[in-house]
Protein chains: 2
Amino acid sequence: MNQPAPTITTGPLPASRKVHLPGSLHDIRVPLREIALSDEAPLTVYDSSGPYTDPECQTDIASGLPDLRGAWLRARGDTQAYAGRAVTDADNGFAQGKRLTPRFPVSRQPQRARDGGAVTQLAYARAGIITAEMEYVAIRENEGRLAAAARDGESFGAELPDLVTPEFVRAEIAAGRAIIPANINHPELEPMIIGRNFKVKINANIGNSAVTSSMEEEVEKMVWAIRWGADTVMDLSTGRNIHNIRDWIIRNAPVPIGTVPLYQALEKVGGIAEDLTWEIFRDTLIEQAEQGVDYFTIHAGVRLHIIPMTAKRVTGIVSRGGSIMAKWCLHHHRESFLYEHFEEICDIARAYDVSFSLGDGLRPGSIADANDEAQFAELRTLGELTRIAWARDCQVMIEGPGHVPMHKIKANMEEQLKHCHEAPFYTLGPLTTDIAPGYDHITSAIGAAMIGWFGTAMLCYVTPKEHLGLPDRDDVKTGVITYKLAAHAADLAKGHPGAQRRDDALSRARFEFRWQDQFNLGLDPDTAREMHDETMPAEAHKVAHFCSMCGPKFCSMRISHDIRAQAEQQAGMDRMAELFREGGALYVPQKQDEPVD
Amino acid sequence: MNQPAPTITTGPLPASRKVHLPGSLHDIRVPLREIALSDEAPLTVYDSSGPYTDPECQTDIASGLPDLRGAWLRARGDTQAYAGRAVTDADNGFAQGKRLTPRFPVSRQPQRARDGGAVTQLAYARAGIITAEMEYVAIRENEGRLAAAARDGESFGAELPDLVTPEFVRAEIAAGRAIIPANINHPELEPMIIGRNFKVKINANIGNSAVTSSMEEEVEKMVWAIRWGADTVMDLSTGRNIHNIRDWIIRNAPVPIGTVPLYQALEKVGGIAEDLTWEIFRDTLIEQAEQGVDYFTIHAGVRLHIIPMTAKRVTGIVSRGGSIMAKWCLHHHRESFLYEHFEEICDIARAYDVSFSLGDGLRPGSIADANDEAQFAELRTLGELTRIAWARDCQVMIEGPGHVPMHKIKANMEEQLKHCHEAPFYTLGPLTTDIAPGYDHITSAIGAAMIGWFGTAMLCYVTPKEHLGLPDRDDVKTGVITYKLAAHAADLAKGHPGAQRRDDALSRARFEFRWQDQFNLGLDPDTAREMHDETMPAEAHKVAHFCSMCGPKFCSMRISHDIRAQAEQQAGMDRMAELFREGGALYVPQKQDEPVD
């Protein structure tokens with residue numbers, strides 16, 4: 001038995017096995033997924049899925065994942081264990097008895113920086129140190145490639161190296177252009193990097209609803225999302241049991257976990273925004289930092305003077321964090337406590353290396369509100385906060401878009417680069433029209449692919465249920481696959497040197513009627529196989545040199561093969577094409593008297 | 001009983017009724033769909049669905065649709081009925097007995113131009129005549145708007161008028177920048193226009209498979225596709241009964257029907273491409289023109305000297321028409337009979353006003369093959385053919401893309417405008433990555449939205465089954481809705497003056513928790529309602545001022561309302577925002593001593 005709870009999905013993807021590459025600077029093993037192919041060398045691809053897809057690995061959610069980073073952290077010798085904050089009833093929304101999700105069975109002491117030091121990847125990078133995390137992500141980004149590939153794309157100023165080196169990673173982090181969200185209290189993490197000069201990443205949101213979710217359910221949501229490619233997961237839980245469920249998630253998460261601490265803080269004051277205080281918020285930050293949350297969304301850009309700019313909007317303030325802070329500010333007629341205490345927030349973050357995701361509390365919720373003064377005024381504030389965080393060695397990314405029509409997307413990226421000093425951009429969608437509820441994974445994938453191309457480093461997924469309800473398991477998968485394809489389309493267009501390998505391998509398989517290879521190279525082999533089987537279920541058809549769309553007599557791919565074979569017999573089409581190019585407008589056959597066939 | 005066959009979907013979309021606007025030049029009634037809203041004036045939108053969504057209209061597929069255009073055609077007096085070509089056994093693939101689809105019950109004589117004249121919309125437009133068809137599409141394009149709207153967008157040289165006038169339509173057609181595909185033998189047609197300076201349109205493909213489809217099934221596929229917004233439908237049938245099934249489709253089609261005549265011609269020669277002849281092809285054109293096909297895909301750009309340019313491709317030739325012609329050309333080592341006889345093809349088309357969709361037989365089938373020399377050499381040939389067709393008063397559009405990464409999409413539009421003299425572009429997708437079989441409606445919606453924005457006039461849909469199998473009913477709907485949202489995103493980005501009305505209406509409904517209005521304004525009200533009901537089924541929740549995602553305490557939209565109410569009490573947020581703008585960096589409250597709440 002691999003799992004105590006049968007609800008956790010484990011096992012490799014079809015035709016895939018986990019392979020590990022060693023480091024040369026550090027004692028690390030970097031996981032990749034190798035897809036076996038029937039008629040060519042296997043293809044190695046990025047693998048966000050963690051140990052759950054590794055049959056060699058026993059996973060048990062009551063034990064948590066292995067302590068991958070513990071030795072690295074100890075080797076640095078700049079952190080120390082301490083008693084930590086006591087968990088209170090309020091942390092779990094006063095859930096009692098049967099309604100209380102059990103605590104995670106294995107207790108651990110939190111770590112923090114010694115002597116007020118900075119234990120962030122940014123501090124190390126600035127000090128010229130290449131950490132194990134940095135080498136890990138460098139190897140991971142190369143996906144097993146050893147050589148440069150042909151370059152083709154328009155990068156809009158991004159500078160993608162042929163191969164990512166550990167030193168390149170260090171330099172990008174030192175410049176603030178990339179982050180490795182990696183709380184020192186999340187040793188189970190397989191590090192990943194977010195930055196414009198790396199592969200475009202995606203985030204999936206999970207979170208318990210008002211209806212009680214069990215901890216197995218929440219862990220499974222996370223495992224399911226990363227199985228299909230989510231690079232980070234945000235736990236947006238509200239209601240009861242937030243603390244305990246988050247413990248189960250983090251202890252079992254090989255990807256960075258992000259949160260919006262404001263949500264939990266609001267629960268602690270009974271959902272009354274006006275009752276929030278800096279002290280309650282601060283306590284929540286420490287609670288979550290000790291648990292191992294890797295990045296915090298902080299809506300410190302919602303300043304008092306900006307709020308009135310939303311008055312004429314069609315959809316007002318649609319970010320939950322933004323609206324909570326706006327309500328607080330207006331009620332007290334005071335500047336936001338997040339803004340006023342931002343330096344103290346930084347001091348907490350640097351002691352644990354919690355990265356910031358500076359929240360776009362005023363992102364537009366409709367086409368009508370896109371790129372308005374409120375949105376851009378907040379963005380400029382996020383730029384100010386970036387400098388403050390950087391001065392304290394904190395890692396920063398910036399949240400953006402929402403609903404933005406295509407012609408206004410590029411301006412978002414340009415304004416962000418300009419005002420936020422090239423800190424990585426992390427955008428929701430954007431949705432490119434408002435008129436398709438039920439299909440907003442698609443309205444937003446259009447915008448996500450484009451903004452990813454323009455330079456956004458991570459795309460926050462949108463599921464088909466956006467605006468309508470809570471995503472179920474199928475919606476999560478649909479959202480993740482949709483965003484993986486958008487991120488990949490962005491990598492291709494940017495000219496990422498490794499991106500086209502997978503397209504080419506899949507297209508070769510398609511052209512050569514290697515059906516199984518075509519399925520297995522796709523982002524969702526199971527769905528592709530099922531769709532094929534609906535029309536042509538027999539096993540024999542998966543080796544057929546035609547498909548259901550045209551049938552055997554009418555297959556264009558088959559005709560292309562015939563053409564190629566004919567042409568090759570006839571002294572080679574390459575030579576003919578060359579002759580054509582030399583001869584100009586008219587094609588000169590080599591042997592005019594003989595028919596081709 | 002509205003229908004003899006229960007499989008034909010009829011009845012209005014939710015909260016919608018059919019309204020008709022009259023012409024002022026011609027005796028016409030132009031259908032639109034009016035969506036009733038609970039708290040504001042109804043919204044009138046474009047309606048491709050024909051009489052099937054009109055409860056006032058009795059539809060019976062054995063009778064066909066009303067003869068809408070008959071009087072218009074008779075009034076022009078330039079056509080005449082004639083005996084027409086006799087239907088042969090070969091036209092139906094020699095289907096016999098029970099396997100033969102019955103003929104359409106009502107027989108009619110075909111019409112053609114008198115005395116070798118041109119009865120095309122292009123000929124009339126050039127002669128300064130505003131036809132009923134032109135006035136019809138002008139009214140239709142305005143969607144009931146009476147006034148200009150605020151302009152916002154980047155049109156890349158498209159010139160979208162505030163309101164479309166009949167004279168504008170005439171001038172665009174005369175310039176070759178737009179077409180109205182409207183065979184004189186398709187009097188049931190509700191005319192529509194395809195051009196860069198009009199709303200972006202979408203096409204859905206249907207067609208019987210090897211497994212016998214009944215005529216009801218095929219008619220229902222068409223009715224289902226136009227219900228959700230397909231502007232034209234291509235019948236790509238192969239196999240038996242092609243002729244008779246097409247009769248049933250056209251007699252019941254309120255939208256233009258396109259075909260690839262080469263497919264039927266190939267059936268007539270037993271599927272052996274080499275056995276095709278000009279005579280068989282010519283006979284097929286006349287057969288289909290007499291039936292009322294509105295546009296023909298003609299792959300006349302696959303010239304002998306271009307074919308070798310495909311030899312090095314990863315996926316060769318993926319267009320079925322292109323591969324058939326390539327095989328023929330190479331086998332006979334002769335120039336394509338389509339190219340050599342193109343002027344005669346034009347003479348047939350002008351006698352019936354069949355528009356051309358000049359086929360992209362060499363479109364790329366993979367990212368690796370995008371924008372290669374074969375593709376662009378063919379495109380330039382299509383530009384030559386455009387001039388030939390225009391010289392004979394034939395209407396022309398140009399087929400394009402396939403698989404193209406984002407950074408190579410714009411070049412396609414620019415090359416097409418340059419070499420094809422602004423004839424409308426009609427593109428498949430393009431798919432922006434190859435790695436997501438099962439999700440190619442999405443990989444292609446990204447490209448479709450972008451190329452539509454850049455200037456493509458009509459987008460050919462892609463369903464989730466692309467590359468895998470035959471689309472079923474759900475796939476057709478998914479493909480159509482996906483492409484409607486992509487076309488609409490393009491209209492928004494181009495700055496179409498009427499496009500944002502629907503987004504704004506839906507966003508207002510969303511902000512005001514008018515759930516039913518939000519569903520009804522969406523492209524797919526049924527799916528939106530179902531998704532909402534999965535989480536919050538009770539009827540009461542559809543009037544709730546919150547939704548399932550956040551619950552009552554935690555709703556950002558509700559908080560925004562609270563903020564707005566507070567601000568309005570406090571002397572108005574507009575004034576405060578104004579003060580802020582006047583005052584510069586710091587917000588000056590009007591009454592500093594009083595708290596806001």
Output, in order, the C-alpha distance, side-chain angles, deciding distance and verdict of side-chain contact (heavy atoms from CB on, under 4.5 Å) for B:D152 and A:K408.
CA-CA 10 Å; B:D152 175 24; A:K408 293 186 175 172; 2.9 Å; yes
side-chain contact (heavy atoms from CB on, under 4.5 Å) for A:H441 and B:I442? Distances and angles first, verdict last.
CA-CA 9 Å; A:H441 58 308; B:I442 306 177; 4.0 Å; yes
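Interface remark: B:R508 contributes backbone and side-chain atoms alike to the contact with chain A (heavy atom separation under 4.5 Å). Contact of A:K484 with chain B is not made at all, since no heavy-atom distance falls under 4.5 Å. Interface residue B:Q500: only side-chain heavy atoms are found under 4.5 Å from chain A. Contacts between B:L521 and chain A at a heavy-atom distance below 4.5 Å involve the backbone alone (N, CA, C, O). Contacts between A:L506 and chain B at a heavy-atom distance below 4.5 Å involve the side chain alone, from C-beta outward. Proximity to chain A is absent for every atom of B:D369, based on heavy atoms less than 4.5 angstrom apart. Neither the backbone nor the side chain of B:K494 comes within contact range of chain A; no heavy atom of the residue lies under 4.5 Å from a heavy atom of that chain. Contact of B:P464 with chain A is made through backbone and side chain together, with heavy-atom distances under 4.5 Å. Residue B:D526: no heavy atom, backbone or side chain, is found under 4.5 Å from chain A.
The candidate with the highest count of non-hydrogen atom pairs below 4.5 Å against chain A, out of B:I481, B:D504, B:D491, B:D475, is B:I481. The choice from B:P405, B:A489, B:A505 that makes the most heavy-atom pairs within less than 4.5 Å of chain A is B:A489.
Between atom CG of residue A:D440 and atom CE of residue B:M531 there is a gap of 9.5 Å, rounded to the nearest 0.5 Å. A distance of 7.0 Å separates OG1 of B:T433 from CG of A:L523, quoted to the nearest 0.5 Å. Once rounded to the nearest 0.5 Å, the distance linking CE of B:M450 with CE of A:M406 reads 8.0 Å.
The shortest non-hydrogen separation linking A:T315 to B:S507 is CG2-O, 3.5 Å. The two residues B:L485 and A:A436 make their nearest non-hydrogen contact at CD2-CB, 3.9 Å. Summarising the geometry of B:D503 relative to A:I367, their closest heavy-atom pair is OD2-CG1, 3.8 Å, with the distance given to 0.1 Å. Among all heavy-atom pairs drawn from B:E534 and A:D472, the shortest one is OE1-OD2, 3.9 Å. A:P437 and B:Q518 make their closest contact through CG-O, 4.1 Å (heavy atoms, listed as atom of the first residue, atom of the second, distance). Taking every heavy atom of both residues into account, A:H407 and B:A493 meet most closely at ND1-CA, 3.3 Å.
Annotation: side chain of B:V314 is not in contact with side chain of A:R510 (no heavy-atom distance under 4.5 Å). You'll find the side chain of B:H488 reaches within 4.5 Å of the side chain of A:I435, heavy atoms only. Using a 4.5 Å heavy-atom threshold, the side chains of A:F511 and B:V318 count as separate. At least one side-chain heavy atom of A:T527 sits less than 4.5 Å from a side-chain heavy atom of B:Y439.
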